[in-house]
Amino acid sequence: MDLMFSTPLDGNLVLCDSMFDNEEYTKYSEMYKFIWLKSGSLHIEVDHIPTEVTAGEIICLTPLHRIDRAEAEGEYVSLAFNSNFYCIFSHTNEVSCNGLLFNGSSDIMRLRPDSEQSEGLEKVLGDIRHDYQIDDSLREEMLRMHLKHFIILATRIARDRFTQASGKEKAFDIVRQFHQLVDRNFREKKQVQDYAEMLHRSPKTLSNLFSACGCPSPLSVIRERVNAEARRLLLYTNKSSKEIAFLLGFDDTAVFSRFFSQMNGISATEYRNREHNR
């Protein structure tokens, strides 16, 4: 059963198993999304990057991520919402998903719940379907509560993935905060030292924390976030390299061009032409 719930303040919640087959759902592209492949396979391109999702996996997408193509061969379910329905920024102390499940990097979060975790997530989806049928004044808040529950369960799965080996949950909170700060400040701040100061840590301490959690280095996180934004601007706008360099806070176009070539192996112009001609 597909459901779409809207509030008077333009809040939207969508739960469906046919998102890629129905053009009506394309208007929900500006939403946070969980896509859970129950069986079969899912071939999806996000920001022109091909990704193969296997049975049992959940991928987490932000409004920044563009789904260019998707071919599902099997059963899947999508749970999507916008910030007007549930704002992950204002509720970060409740769910701790911002910077963990959802960030602007092209390296999207992939979760693989075990059987017990899957059962818990299924129960929440069932609760959403059940309360959607009850048309009363409490429905909106009940649906919001169930969505929050789903996000918390997904966040636990993600935290287990990174902290189980190290046993350092507090360390990973710093990693999550780092991702949040990078998402907000990557245009102006591109050095690890900048973020270390905001987190009241030394750059070396940050590097050690990232390593303990099995995460890419702090510098690579910053560079990947800048690169992801550069690729999106090249793919989805007509802005010139000079304009993109200015928007991303580079001193001049030559510095941006060197950065892009180092990250992608080709120039910005070559990248745009290649992807648009595919």
Side-chain angles (χ1 to χ4, degrees), residues 26 28-33 35 44-51 59-70 80 82-83 87-89 92 97-110 175-199 206 210 215-278:
T26 59
Y28 293 100
S29 60
E30 300 300 316
M31 302 177 80
Y32 295 90
K33 290 175 280 292
I35 301 173
I44 187 170
E45 278 193 15
V46 179
D47 294 336
H48 284 225
I49 300 175
T51 299
I59 60 173
C60 311
L61 303 177
T62 76
L64 291 173
H65 294 116
R66 301 285 190 96
I67 299 176
D68 302 301
R69 183 177 63 86
N82 65 4
S83 292
C87 181
I88 62 173
F89 297 100
T92 186
C97 66
N98 186 28
L100 176 54
L101 299 181
F102 302 112
N103 63 70
S105 168
S106 291
D107 186 17
I108 59 179
M109 176 61 73
R110 300 169 69 139
V175 175
R176 183 181 64 82
Q177 292 174 45
F178 183 90
H179 277 274
Q180 286 181 276
L181 291 171
V182 170
D183 263 350
R184 296 174 189 167
N185 300 284
F186 69 90
R187 294 176 181 83
E188 298 83 21
K189 302 181 185 298
K190 296 179 174 60
Q191 302 300 319
V192 176
Q193 178 68 43
D194 298 326
Y195 298 96
E197 291 175 358
M198 288 188 278
L199 291 168
L206 282 183
F210 273 67
C215 298
S217 71
L219 182 59
S220 67
V221 171
I222 298 168
R223 290 171 64 84
E224 166 55 30
R225 183 63 184 89
V226 176
N227 190 46
E229 198 69 17
R231 289 197 301 254
R232 289 179 185 127
L233 289 168
L234 287 165
L235 290 171
Y236 306 119
T237 75
N238 293 320
K239 296 184 184 300
S240 66
S241 291
K242 182 177 180 180
E243 291 174 304
I244 292 173
F246 175 78
L247 288 172
L248 296 181
F250 286 91
D251 293 334
D252 57 49
T253 306
V255 175
F256 166 69
S257 296
R258 284 195 298 272
F259 167 82
F260 192 89
S261 295
Q262 290 170 359
M263 293 294 293
N264 300 281
I266 58 175
S267 71
T269 300
E270 289 171 331
Y271 176 80
R272 172 178 269 168
N273 290 338
R274 184 190 73 184
E275 296 302 315
H276 284 176
N277 291 328
R278 287 175 59 186

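Just so you know, residue 1 is the first one in the sequence shown, and it goes up from there. Hydrogens, waters and symmetry mates are skipped; everything else that's a heavy atom, side chains included, is used.
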Evaluate whether atom CG of N273 has more than 12 neighbouring non-hydrogen atoms of other residues, nucleotides or ligands under 6.0 angstrom away.
yes

Flag side-chain contact, heavy atom, 4.5 Å: [X] against [Y]:
X    : Y    : answer
V221 : R225 : no
Y195 : I222 : yes
L235 : R66  : no
L234 : E275 : no
K33  : I67  : yes
S83  : Y32  : yes
F210 : S217 : no
E30  : N82  : no

Mind checking the [atom1]-[atom2] spacing from [X] to [Y]? Nearest 0.5 Å is all I need.
X    : Y    : atom1 : atom2 : result
M109 : H179 : CE    : NE2   : 8.0 Å
R274 : T269 : CZ    : OG1   : 13.0 Å
F260 : Y271 : CZ    : OH    : 6.0 Å
T51  : I44  : OG1   : CD1   : 7.0 Å
R258 : T253 : CZ    : OG1   : 11.0 Å
E224 : D107 : CD    : CG    : 6.5 Å

We want to know whether Q180 and R176 form a side-chain donor-acceptor pair, criterion being a heavy-atom distance below 3.5 angstrom.
yes

Can a donor-acceptor pair be found, under 3.5 Å and without considering hydrogens, that links the side chain of [X] to the backbone of [Y]?
X    : Y    : answer
N227 : R223 : no
H65  : T62  : yes
D252 : V255 : yes

In a check of side chain to side chain donor-acceptor pair (under 3.5 Å) between Q193 and each of E197, Q191, K189, which one passes?
E197

Output yes when R187 and E229 qualify as a salt bridge under the 4.0 Å nitrogen-oxygen rule, no when they do not.
yes

I need the single residue from V192, V182, V175 that forms a side-chain contact (heavy atoms from CB on, under 4.5 Å) with P218. Which is it?
V192

Could you give all pairs that pass the side-chain hydrogen bond (donor to acceptor under 3.5 Å, both in side chains) test and reach residues 235-245, with sequence neighbours left out?
D68-Y236, S240-E243

Set of residues satisfying salt bridge (Lys or Arg N to Asp or Glu O under 4.0 Å) with respect to R272, sequence neighbours excluded
none

Using every non-hydrogen atom in the two residues, find where N264 and R231 come nearest and quote the distance to one decimal.
OD1-NH1, 3.3 Å

The criterion is side-chain contact (heavy atoms from CB on, under 4.5 Å); which residues satisfy it with L199, sequence neighbours excluded?
I174, Q177, F178, L181, R201, L206

Walk me through it: do L233 and L248 pass the test side chain to side chain contact (heavy atoms under 4.5 Å, CB included)?
CA-CA 10 Å; L233 289 168; L248 296 181; 4.2 Å; yes

